[in-house]
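We name chains A, B, ... by the order of the sequence lines, and we start the count at 1 in each one. Keep in mind the model is a prediction, meaning the values are calculated, not measured.
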Amino acid sequence: MKQEKYQFRDIERKWQQKWRESGAGRADEKSGRPKYYALAMFPYPSGNLHMGHVRNYSIVDVIARFQRMRGRNVLHPIGWDSFGLPAENAAIKNQTPPADWTRQNIARMREQLREMGISYDWEREVTTCQPDYYRWTQWIFLQFYRHGLVYRKKAAVNWCPSCATVLANEQVVDGACERCETAVTKKDLEQWFFKITDYSERLLNDLDTLPGWPEKVKTMQRNWIGRSEGVEAKFRVEGRAEPVTVYTTRIDTLYGASYVVLAPEHPLVPEIISGTEFEAPVLAFIDKMKHLSEITRTSAETEKEGMFTGAYCLNPLSGERVPLWIANYVLPEYGTGAVMGVPAHDERDFEFAGKYGLPIRRVILSSPLLPAAKDEPPAAAYTGDGVMVNSAEFDGLDNEVAWEKMADKLASQGMGERKINYRLRDWLISRQRYWGAPIPMVYCDKCGTVPVPESELPVLLPDDVVFQPGENPLARSESFVRTLCPVCGGPARRETDTMDTFMCSSWYFLRYADPHNAAAPFDRARADYWMNVDQYVGGVEHAILHLLYARFLTKGLHDFGYVAADEPFQNLLTQGMVCLDGAKMSKTRGNIVSPEEIISKYGADTARLFILFAAPPERDLEWSDKGVEGCYRFLQRVWRLARQYAERPQPDGNPADAADARARGMRRLTHATRKKVTQDLGERFNFNTAISSVMELVNALYLYKEEPASDASVAREGLETAVLLLAPFAPHITEELWAALGHAGSVHDEDWPAADEAALAADTVTIVLQVNGKVKDRVEMPPGAGREETEALAAARLEKYTRGLTVRKVITVPGKLVNFVVTANS
RNA sequence: GCCGAAGUGGCGGAAUUGGCAGACGCGUCGGUCUCAAAAACCGAUGGGGGAAACCUCGUGCCGGUUCGACCCCGGCCUUCGGCACCA
């Protein structure tokens with residue numbers, strides 16, 4: 001019998017063409033079926049798909065195809081996060097406009113995605129660098145501006161001298177620029193900020209409404225938001241009316257405060273040193289601090305340094321007179337920029353006091369049994385809980401109780417109040433860059449800072465720019481900068497900063513719901529139909545920033561009444577990295593396997609299958625060429641098996657009627673596999689075990705067909721089950737085989753195969769026989785066998801192990817095991 | 001340092017959550033087919049012992065709970081992520 005070979009190239013090309021023509025993957029809201037929104041983090045169009053993309057999109061495609069076969073109305077879109085630095089760098093290097101470079105990259109990567117056979121709704125493709133998209137990014141900026149959530153301030157910002165741009169704190173890694181690794185310095189600039197800190201509490205609390213997110217990601221977000229409960233306490237400064245306010249989470253240690261420290265930038269500093277002998281040295285110290293980058297200065301490794309200001313202040317409760325210092329380890333941005341120094345109970349203060357000879361007094365003892373220790377100098381700071389000492393009326397109290405009482409007392413005397421602080425900073429969105437969405441603001445000498453009216457959006461990026469390293473080309477484009485004031489009509493200048501690309505990627509999932517809307521970013525009804533995203537999948541590197549900003553923007557749009565969703569992503573899966581030789585694949589490291597190469601050698605189905613089979617999705621995946629070949633072999637095995645059946649007519653008879661034990665065993669496996677794969681795909685994302693169980697089914701089908709009395713209908717059912725179950729993973733080969741097996745429609749339009757519970761019923765169950773918990777034997781029994789019957793049989797089988805010993809106890813788990821607990825005769 | 005994951009054969013990984021450890025795949029070894037090779041197919045494959053039926057050890061380490069622990073508890077070690085002077 002002549003057998004057609006598995007020509008993956010022809011097959012994949014053929015079906016991709018057909019899907020393209022039929023618009024497979026298209027989603028609309030008219031379906032009566034329940035919706036399902038499957039989303040992968042959209043790519044930056046760098047030019048080529050890498051294995052991380054292949055993994056990400058394969059995972060989501062399996063989910064999308066599975067949900068379609070299960071009867072859901074699936075939205076599975078794709079787009080391009082296409083603003084950003086690489087395009088501009090390429091423009092400088094090649095003198096090609098960023099738009100052209102980006103367009104070419106998108107075209108190339110779009111083809112690569114099509115070659116992977118991902119079932120996107122291509123009619124919903126969005127591209128953030130196109131005016132029809134960034135118009136609405138600007139519109140969203142204006143809504144936040146209108147609601148008082150956008151402001152401009154002069155701020156010392158992280159500056160990358162090489163990229164000539166401002167970096168957000170989160171884009172500074174180890175004191176260096178995230179992109180080019182140049183050491184970051186500071187620069188004062190007027191910058192636009194989003195008031196994300198207004199949402200700190202909600203961004204924190206609403207994490208509890210997301211059980212479908214990994215605990216790890218939620219923890220990272222919680223830490224990033226960094227909520228702390230403390231007290232702001234006032235220390236009177238001798239000879240001054242205005243007190244110093246310190247922030248502390250350990251107000252219970254107030255009696256142990258032996259000094260107060262201000263940040264060098266604290267506004268009080270110049271005043272208190274003015275005209276004193278301390279003025280010159282303190283100013284010299286501050287100057288020295290300014291020359292260090294914030295990163296160096298605030299690094300935990302930097303030695304603590306400080307200086308006495310000459311001033312003293314008074315403890316609000318004890319009245320004790322303590323010196324006022326400045327020090328490098330106090331940050332002006334956090335809390336009040338002033339802290340009380342409690343060396344006995346804070347490690348930083350302990351180090352600082354040791355260095356400068358400041359008093360160290362214990363106020364908390366770890367145990368009440370050590371009263372003698374209360375006046376001994378400690379060897380290290382004790383930061384734990386305990387009993388109060390040296391604290392006047394609070395002595396003897398549990399420190400947690402004292403905390404509350406001291407906070408109350410300060411409040412009643414007007415010397416302090418409870419305060420919650422967050423580590424989260426406002427979001428700096430200004431970028432001194434060309435290739436981004438222009439910030440829609442205008443500066444008028446008469447009217448001041450004026451937003452561009454919505455009717456004038458988009459503020460288009462100009463074409464007449466020259467790309468050189470350094471300065472923002474936008475600022476040099478006269479045609480762009482010169483404009484008229486929207487209020488008075490007089491001459492005005494445009495803002496030349498563009499937006500952080502995180503802005504563009506913080507709402508794209510809403511645009512997919514209504515991508516061609518020219519009157520609004522999206523229609524509320526359409527957005528409400530699709531939102532929330534049912535399953536979001538992407539790299540864990542976006543665990544903090546992208547996800548936090550997307551949550552923030554969604555909450556804002558919700559609050560302004562544009563969408564019902566308050567959280568964008570119902571379930572989140574963070575996929576692991578793709579590694580080669582134990583390290584993440586990367587261009588710089590040179591350990592790359594190119595998807596194009598794999599697809600041309602083995603086909604997209606094999607590439608997809610391997611990447612899903614080699615590891616569970618959230619774990620790192622070690623690339624293996626041999627493993628790819630194994631998956632290729634498996635698909636060929638499926639191919640050969642199915643082709644044999646393609647030559648035969650549809651068998652008569654119902655597989656459920658098959659009577660002999662072998663047939664029923666085969667059928668049981670077929671239906672057990674259906675059940676297993678359904679669970680693996682629907683309840684957890686264990687693609688690897690789903691695939692392995694289909695492999696087992698195929699192996700069994702090979703054996704079954706060689707049986708002398710094999711039932712054709714049972715074999716056929718098993719084979720078609722394998723093809724259907726593989727369809728989400730390997731969409732091309734299964735489509736081809738489904739047609740070859742005589743079916744008219746697409747395999748992807750078939751109903752997901754349900755397990756027949758009747759077929760799952762086993763003829764016998766294996767009972768494990770144990771002695772003292774160790775397996776000694778196993779026995780086959782009818783499923784409904786009674787306890788006594790089972791134990792009797794077990795006793796007989798285990799006789800040789802229990803002979804001469806005393807049976808203390810028999811543990812029986814019906815249908816599973818019998819365990820004899822024995823001891824030696826005494 | 002803090003927070004979060006993870007440690008299972010030669011390798012990637014299973015074990016549906018306390019009940020047969022090592023599914024599936026890779027690799028290796030042996031065999032069939034072939035003039036030969038490739039492909040394909042069949043078989044073996046955690047360590048030690050034994051001719052064999054079998055015995056024994058075994059899920060990072062130490063202890064605990066339990067009839068029974070890769071799984072639960074306590075304490076360590078290692079690796080990988082994240083954060084790091086946040087008062």
Side-chain N or O of A:Asn223 closer than 4.0 Å to phosphate OP1/OP2 of B:rC2: no

Polar side chain donor-acceptor pair, A:Thr721 to A:Arg674, under 3.5 angstrom: yes

Residue-phosphate contact under 4.0 Å: A:Lys809 side-chain N/O, B:rC67 OP1/OP2: yes

Below 4.0 Å: OP1/OP2 of B:rC86 and any side-chain N or O of A:Arg425: no

Distance-only donor-acceptor test, A:Glu347 side-chain atoms vs B:rG1 base atoms, 3.5 Å: no

Whole-angstrom distance between B:rC3 and B:rC20, as gauged at atom P: 35 Å

Distance, C1' atom - from B:rG10 to B:rG22, rounded to whole angstrom: 14 Å

B:rC26 phosphate, OP1 or OP2, under 4.0 Å from A:Arg633 side-chain N/O: yes

Distance-only side-chain donor-acceptor flag, A:Asn591 / A:Asp581, under 3.5 Å: no

Interatomic distance, A:Gln770 CD vs B:rA21 P [rounded to whole Å]: 8 Å

P gap between B:rG60 and B:rA69, integer Å: 15 Å

Contact under 4.0 Å: A:Tyr422 side-chain N or O vs B:rA87 OP1/OP2: no

Donor-acceptor pair (no angle test) under 3.5 Å: A:Lys304 side chain, B:rC85 base: yes

OH on A:Tyr702 to CG on A:Leu641, rounded to 0.5 Å: 5.0 Å

A:Phe687 ring center within less than 6.0 Å of A:Phe613 ring center: no

